[in-house]
Amino acid sequence: ILASILSLIIYWLIRDRYRERNLNGKLVFITGCDTGLGNSLAKWLDKKGFCVIAACTTEKGSQELRSCSSLSLKTVNLNLADSNSIARAVEFVTEQTAGKGLFGLVSKAEGTAPVGPTDWLRIEDFHSVLDVSLLGLIEITLKLLPLLKKAEGRVVNLINAKGLMAFVGGGYSLSTWGMEAFSDTLRIEMQHFGVKVSIVEHGFFKAEVVNSDIIEKYLCKLWNRLTPEIRDSYGEKYF
């Protein structure tokens, strides 16, 4: 037991030596910063001394974040379902790096709804989630890889662990499982360039408590648009 404890202490001491000490000029780009975990992380890294570029989906989100952060934090509007918006964000990040490369990319999936029985969904319902939470995140990662390779940076993908439990239909679980697979593959490939790829599987946070009213609203919307034949096959009791 003592040997195990001693080994663990030595491991942590060695591991702590590799902690990044000089944060001056280290630029980190974070998606999904309007609210929740992305917003909190942007503020925390800003206080730590990183140069943060926070991507928000709305101008209101950008203004609120800038109002409570240092002048070094910058924001950019980003719609992950729009390739043109992604291209503009990448151009902005490239300008900010000033040829030094990107120290870190932190991506967080945003789209979650609609969810419901698979038989109630249409293909556009899957697109509304996957285009943002999977394909959009993959696209912006691919376009930022040259900057990450230049700085031997890191990619950190924040994935809600509840999405790994496929207990409801829709694109949410598909997107989280897809980001896991994408991250695992990218990690192996980027080792050659000194780029680290990490997955953080987080749980619930106060800012992300599931709103049952929103879920019920979506379920009612899905139910009401079903054909009479499908509604009859399930019945009111099931609903």
Side-chain angles (χ1 to χ4, degrees), residues 19-20 22-111 131-160 175 179 182-183 186-187 189-190 193-200 202 207:
R19 182 177 297 178
E20 195 68 33
N22 182 19
L23 308 182
N24 185 33
K26 296 290 193 301
L27 196 147
V28 179
F29 179 59
I30 310 171
T31 70
C33 292
D34 292 83
T35 58
L37 186 56
N39 182 277
S40 299
L41 181 62
K43 295 175 182 175
W44 186 76
L45 290 179
D46 177 54
K47 291 179 181 178
K48 286 288 184 180
F50 286 97
C51 296
V52 177
I53 299 179
C56 299
T57 58
T58 64
E59 184 58 34
K60 179 182 177 182
S62 296
Q63 291 176 356
E64 291 179 349
L65 184 55
R66 288 196 302 267
S67 67
C68 56
S69 305
S70 73
L71 295 177
S72 65
L73 183 143
K74 295 179 174 57
T75 61
V76 60
N77 290 338
L78 175 63
N79 177 5
L80 286 169
D82 183 358
S83 292
N84 292 326
S85 178
I86 292 174
R88 288 192 294 269
V90 171
E91 182 179 359
F92 180 77
V93 173
T94 303
E95 292 173 354
Q96 295 300 314
T97 61
K100 297 179 181 179
L102 183 61
F103 179 78
L105 166 63
V106 183
S107 296
K108 180 181 181 298
E110 286 294 304
D131 287 350
V132 174
S133 298
L134 179 60
L135 298 178
L137 291 180
I138 290 175
E139 182 175 354
I140 198 164
T141 302
L142 294 177
K143 290 186 175 179
L144 289 173
L145 279 181
L147 295 176
L148 289 161
K149 288 159 66 176
K150 189 169 187 177
E152 293 189 356
R154 64 269 299 124
V155 178
V156 181
N157 289 323
L158 307 178
I159 299 173
N160 198 318
S175 63
M179 281 306 295
F182 174 72
S183 302
L186 189 65
R187 181 183 304 112
E189 297 168 346
M190 287 295 108
F193 302 98
V195 175
K196 299 178 177 65
V197 180
S198 302
I199 301 170
V200 177
H202 61 84

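For reference, positions follow the sequence shown, starting with 1.
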Side chain of Asp131, backbone of Ala81: donor and acceptor closer than 3.5 Å? no

Hey, could you give me each pair passing salt bridge (charged side-chain N to carboxylate O under 4.0 Å, His left out) that has a residue in residues 67-83? Not counting sequence neighbours. none

For Phe50 versus Ser72, what's the shortest heavy-atom pair and its separation? O-OG, 4.2 Å

Atom pair OG (Ser133) and CG (Leu80), whose distance is rounded to the nearest 0.5 Å: 8.0 Å

Nearest 0.5 Å please: distance from the OG1 atom of Thr75 over to the CD1 atom of Ile30. 12.0 Å

Check Glu64 with Lys43, please: is the shortest side-chain N to carboxylate O separation under 4.0 Å? no

Counting only N and O atoms by type, is there a donor-acceptor contact under 3.5 Å from the side chain of Arg154 to the main-chain atoms of Lys196? no

Can you measure from CH2 (Trp44) to CG (Leu37) and round to the nearest 0.5 angstrom? 11.5 Å

Return yes if some donor-acceptor pair links the side-chain N/O of Asn39 with the main-chain N/O of Asp34 below 3.5 Å, else return no. yes

I need the Thr97 OG1 to Ile53 CD1 distance, nearest 0.5 Å. 8.0 Å

Which heavy atom of Arg66 sits nearest a heavy atom of Leu73, and at what distance? CG-CD2, 4.4 Å

Checking Glu95 now: which residues fulfil salt bridge (charged side-chain N to carboxylate O under 4.0 Å, His left out) with it, not counting sequence neighbours? none

Report the distance from atom CG of Leu27 to atom CG of Leu105, rounding to the nearest 0.5 Å. 11.0 Å

Looking only at heavy atoms, the pair that brings Val197 and Ser183 closest together is CG1-O, 3.5 Å

On a heavy-atom basis, which atom in Asn157 and which in Ser107 lie closest, and how many Å separate them? OD1-CB, 3.4 Å

Expected list for residues 140-152: side-chain donor-acceptor pairs under 3.5 angstrom, two or more places apart:
| residue | atom | partner | partner atom | Å |
| --- | --- | --- | --- | --- |
| Thr141 | OG1 | Leu137 | O | 2.7 |
| Lys143 | NZ | Glu139 | OE2 | 3.2 |
| Lys150 | NZ | Gly99 | O | 2.9 |

Using only atom types and a distance under 3.5 Å, with no angle test, would you say the side chain of Asp46 pairs donor to acceptor with the backbone of Val52? no

Side chains of Asn77 and Arg88 in contact at under 4.5 Å (non-hydrogen atoms): no

Any chance you could measure Leu78, atom CG, to Cys56, atom SG, to the nearest 0.5 Å? 9.0 Å

